[in-house]
Amino acid sequence: MDASQNTTGIGGSGGNGTLVPQTNDTTGSAAVDDPKQNLNQVINSIQKTLGLIHQLYLTVSSFNAASQLPLLQRLNALVMELDNMTKLSEKCNIQVPMEVFNLIDDGKNPDEFTRDVINSCIAKNQITKGKTDTFKSLRKHLLEELEQTFPDEVESYRDIRAASAAETKRLAQAQSTLPNGDVKVKPEL
């Protein structure tokens, strides 16, 4: 076996056949329950596991009697890293839809699920926008018809709506007063 297969980049075994202990830094960060840090630790563990599997593949593909000890050491390192990954994953609360696993099982890219969900949301948004526009058009048409038949009642309706809108705006501004007395004002579009 050549020296390039016996590297310690991912952890596991040293060049002389000795086991190099892995430092996963889980003791110092166990007190911190930051979800992003926990996720990063799991991602790092996955990357280490993939590296160990690659090293294991290289060892197995060029197996001879002399590479039995490095093979066993890499297998042990893989088992330890999988155990570490399991412990780290218990801190993460990530829910993955079953559709994503089904796509992966079918050999497809899980990004297709995200794309399909976004396209579905866009389609539903367009339908809702169409309904909203239709109701606005209907309201405008009804007000025009009512104004021709009942002009005084429509005028008082518009006065009531304007007073209600002004009151709502005043309440919204009162609620958005900052502690220092300033007012947050939304720009009107």
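Treat the numbers as computed from the prediction; the structure is a model and nothing was measured. The figures here come from the full heavy-atom set of this structure, side chains too, leaving out hydrogens, waters and symmetry mates.
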Evaluate the criterion side chain to side chain contact (heavy atoms under 4.5 Å, CB included) for residue pair Ile118 and Ile122; output intermediate values, then yes/no.
-> CA-CA 6 Å; Ile118 290 173; Ile122 290 170; 3.9 Å; yes
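- Taken to the nearest 0.5 Å, the CG atom of Leu78 stands 4.5 Å off from the CG atom of Leu82.
- Side-chain contact check for Leu146 versus Glu153: every heavy-atom pair is 4.5 Å or farther apart.
- For the residue pair Ser67 and Ser62, the shortest heavy atom distance occurs at OG-O, 4.2 Å.
- For Tyr157 against Arg139, the heavy-atom pair with the smallest separation is OH-NH2, 3.5 Å.
- Between atom NZ of residue Lys48 and atom CG of residue Asn84 there is a gap of 7.0 Å, rounded to the nearest 0.5 Å.
- Val79 and Leu69 sit in two unconnected hydrophobic clusters of ILVMFWY residues. Membership requires side-chain heavy atoms under 4.5 Å apart, directly or through other members.
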Donor-acceptor list for residues 124-132 side chains, cut-off 3.5 Å, not counting sequence neighbours:
{"from": "Thr128", "atom 1": "OG1", "to": "Lys124", "atom 2": "O", "distance (Å)": "2.9"}
{"from": "Lys129", "atom 1": "NZ", "to": "Asp133", "atom 2": "OD2", "distance (Å)": "3.1"}
{"from": "Thr132", "atom 1": "OG1", "to": "Thr128", "atom 2": "O", "distance (Å)": "2.9"}

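- Open room surrounds CZ on Phe150; 12 or fewer heavy atoms of other groups in view lie less than 6.0 Å from it.
- The distance from atom CG of Leu75 to atom CE of Met80, rounded to the nearest 0.5 Å, is 12.0 Å.
- Here Thr59 contributes atom OG1 and Phe63 contributes atom CZ; the two are 9.5 Å apart, rounded to the nearest 0.5 Å.
- Leu50 and Leu39 fall into different hydrophobic clusters, where Ile, Leu, Val, Met, Phe, Trp and Tyr residues are linked whenever their side-chain heavy atoms come under 4.5 Å apart, directly or through other members.
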Below 3.5 Å, can you tabulate the donor-acceptor pairs from side chains in residues 94-115 to any protein atom, sequence neighbours excluded?
{"from": "Asn102", "atom 1": "ND2", "to": "Met98", "atom 2": "O", "distance (Å)": "3.4"}
{"from": "Asn109", "atom 1": "OD1", "to": "Asp111", "atom 2": "N", "distance (Å)": "2.9"}

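- By the 4.5 Å heavy-atom criterion applied to side chains, Asn38 and Gln41 are counted as neighbours.
- When all heavy atoms of Leu52 and Ala77 are compared, the closest pair comes out as CD1-O, 3.6 Å.
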Stepwise salt bridge (charged side-chain N to carboxylate O under 4.0 Å, His left out) test for Arg158 and Glu147 = CA-CA 11 Å; Arg158 286 192 173 142; Glu147 191 170 27; 3.1 Å; yes
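- Here NZ of Lys91 is found 8.5 Å from CD of Gln37. Values are rounded to the nearest 0.5 Å.
- Within the 3.5 Å criterion, the main-chain N or O of Ser164 finds a donor-acceptor partner in the side chain of Thr168.
- Atom CG of residue Leu56 and atom CG of residue Leu71 lie 6.0 Å apart, to the nearest 0.5 angstrom.
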Could you go through the side chain to side chain contact (heavy atoms under 4.5 Å, CB included) check for His54 and Leu58 one step at a time?
-> CA-CA 6 Å; His54 179 70; Leu58 293 175; 3.6 Å; yes
